[in-house]
K.L.:
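Could you have a look at this structure, given as structure tokens, before my questions?
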Number of protein chains: 2
Amino acid sequence: MTQFWGTHQNRRDAKGRVSVPAQFRAALRALGDGEATLVLRPSHKHSCIEAWPQSLFQELETPLGRLDQFSDPHDDLALTLYADAYPVEPDKEGRIILPESLAAFAGLGETVVFMGLGRTFQIWEPAAAEQRRAEARVRARELTLAGIGAGTAGGKA
Amino acid sequence: MTQFWGTHQNRRDAKGRVSVPAQFRAALRALGDGEATLVLRPSHKHSCIEAWPQSLFQELETPLGRLDQFSDPHDDLALTLYADAYPVEPDKEGRIILPESLAAFAGLGETVVFMGLGRTFQIWEPAAAEQRRAEARVRARELTLAGIGAGTAGGKA
DNA sequence: TGGGGTTTCATGGAATATCATGGGCGGATA
DNA sequence: TATCCGCCCATGATATTCCATGAAACCCCA
């Protein structure tokens with residue numbers, strides 16, 4: 001059920017194209033989202049680009065329907081969801097073009113990092129990605145010391 | 001119920017492939033995890049690679065479902081679970097290739113050590129493995145003396 | 001109990017397929 | 001008509017698959 005694993009590094013060419021890691025492409029194919037397989041949007045927490053499979057992104061839209069169409073919350077949600085989101089479809093070689101505004105937002109240079117997050121993935125500038133991972137590792141460890149850690153799994157007396 | 005026993009030494013060839021010890025392979029087969037039988041990830045306690053049977057790893061994922069999808073803890077956990085984890089499937093000869101980032105993390109050279117931990121196993125650089133075992137022996141002994149272990153079990157190793 | 005035969009493993013290398021990346025062509029647009 | 005953007009092909013690098021070999025463990029039988 002989980003789809004996006006691991007961390008991968010690729011490069012943008014002169015035209016701003018990047019190959020989506022083959023593994024991720026396979027996962028997308030498995031989802032069978034035909035047109036515009038991906039939705040890209042800036043993360044609201046970090047300097048990175050979030051990549052959502054089209055079908056999963058649509059699930060985010062459902063709360064919209066429950067809000068009064070003319071209410072402020074509706075407008076706010078709709079705006080954050082759509083205004084900065086870009087649908088992209090990999091070309092025949094599996095590459096996508098990162099919109100300039102998103103690339104700038106994430107501070108991307110030539111090489112970019114794809115980080116799998118299970119059902120979605122993120123696109124980072126390499127150094128920022130490394131920093132973020134270190135940070136998350138520490139915090140997740142506090143969260144679930146009981147759960148993760150083969151040290152404890154096997155070691156369980 | 002316990003599956004991975006003992007310590008085994010194997011070599012990585014020029015392409016970074018290592019044979020999974022035959023005993024471990026048999027254990028995996030018994031589990032019947034078809035696709036991507038193993039999940040590799042860095043240990044957060046030690047400089048080694050943790051290897052989880054796919055089905056067992058899925059149990060780690062369950063806490064995710066209980067967290068708010070947009071919360072920080074969810075993000076941190078998802079990132080540590082997936083961004084550093086790599087699913088691998090042994091080839092026909094029973095070998096796996098260790099992702100470069102993980103090999104570097106564990107400081108692996110040519111020969112690597114597989115240590116059984118019951119339901120999971122770990123992959124170590126030989127010297128580090130030896131040190132770790134010595135350390136564990138001492139601590140386990142303290143446990144035994146404290147009255148946990150069966151008196152007989154403590155004996156012959 | 002020792003020897004011979006057989007099987008299983010770990011390991012090496014070669015052939016093949018996949019992938020990432022670069023460049024060129026043509027059509028659409030202003 | 002000039003420029004930009006998307007489409008297609010070419011290529012080197014990398015991973016995957018397949019087959020081959022030597023060594024060790026195991027088993028069976030004398």
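Excluded from the calculations below are hydrogen atoms, water molecules and symmetry mates; all remaining heavy atoms, backbone and side chain alike, are included. As the structure is a prediction and not an experimental result, all values here were calculated from the model. Numbered from 1 within each chain, the chains take letters A, B, ... in sequence-line order.
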K.L.:
If you compare all heavy atoms of A:A106 against all heavy atoms of A:C48, which two are closest, and at what distance to 0.1 Å?
P.N.:
CB-CA, 3.9 Å

K.L.:
Can you tell me the distance, in whole Å, between the NZ atom of B:K92 and the C1' atom of C:dG12?
P.N.:
15 Å

K.L.:
Take the protein atom CD of A:Q9 and the nucleotide atom P of C:dA20, then report the distance between them rounded to whole Å.
P.N.:
13 Å

K.L.:
Rounded to whole Å, please give me the gap between CZ in A:R29 and P in C:dT18.
P.N.:
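Checked: the CZ to P distance equals 10 Å.
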
K.L.:
Let me confirm one number: the CG-CD distance from B:L79 to A:Q122, rounded to the nearest 0.5 Å.
P.N.:
6.5 Å

K.L.:
What integer distance in Å separates B:R11:CZ from D:dG22:P?
P.N.:
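To the nearest whole Å, that distance equals 17 Å.
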
K.L.:
Quick check for you: to the nearest 0.5 Å, what is the distance between B:S47 atom OG and B:L108 atom CG?
P.N.:
10.0 Å

K.L.:
Between B:K15 and B:I97 (side chain of the first, backbone of the second, donor and acceptor by atom type, cut-off under 3.5 Å), is there such a pair?
P.N.:
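Flag not set: sc B:K15 to bb B:I97 has no pair under 3.5 Å.
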
K.L.:
Give, for atom NE2 of A:H8 and atom CD1 of A:I123, the distance between the pair rounded to the nearest 0.5 Å.
P.N.:
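Here the rounded value is 12.0 Å.
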
K.L.:
Any donor-acceptor pair under 3.5 Å between the side chain of A:E93 and the base of D:dC7?
P.N.:
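Checked by distance alone, the answer is no.
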
K.L.:
Output one line per pair: protein atom, nucleotide atom from nucleotides 2-6 of chain D, and distance, for all N/O pairs under 3.5 Å.
P.N.:
none

K.L.:
Rounded to whole Å, please give me the gap between CZ in B:F114 and P in C:dC9.
P.N.:
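Checked: the CZ to P distance equals 15 Å.
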
K.L.:
Start with the C-alpha distance between A:E130 and A:R133, add both sets of side-chain angles, then the distance that settles salt bridge (Lys or Arg N to Asp or Glu O under 4.0 Å), and finish with yes or no.
P.N.:
CA-CA 5 Å; A:E130 186 44 47; A:R133 273 204 288 176; 3.2 Å; yes

K.L.:
Per the salt bridge (charged side-chain N to carboxylate O under 4.0 Å, His left out) rule, what does the pair list look like for residues 50-60 of chain A, sequence neighbours excluded?
P.N.:
A:R41-A:E50

K.L.:
For A:D91 and C:dG23, give me the distance from atom CG to atom C1', rounded to whole Å.
P.N.:
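It works out to 14 Å between those atoms.
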
K.L.:
Check each residue of residues 16-25 of chain A for a non-hydrogen atom within less than 4.0 Å of any atom in DNA chain C, then write out the ones that pass by number, or none.
P.N.:
A:R17, A:S19, A:V20, A:P21, A:A22, A:R25

K.L.:
Applying the side-chain contact (heavy atoms from CB on, under 4.5 Å) test to B:Q54, which of B:L28, B:V39, B:T37 qualifies?
P.N.:
B:V39

K.L.:
For B:D13 and D:dA20, give me the distance from atom CG to atom C1', rounded to whole Å.
P.N.:
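Taking CG of B:D13 and C1' of D:dA20, I get 15 Å after rounding.
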
K.L.:
With rounding to the nearest 0.5 Å, note down the distance linking NE2 in A:H46 to CH2 in A:W124.
P.N.:
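So the gap between those two atoms works out to 5.5 Å.
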
K.L.:
Rounded to whole Å, please give me the gap between NE2 in A:H8 and C1' in C:dT21.
P.N.:
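That distance rounds to 18 Å.
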
K.L.:
Could you check whether B:R95 gets within reach of a base, just the sugar-phosphate, or nothing at all, counting any heavy atom under 4.0 Å?
P.N.:
base

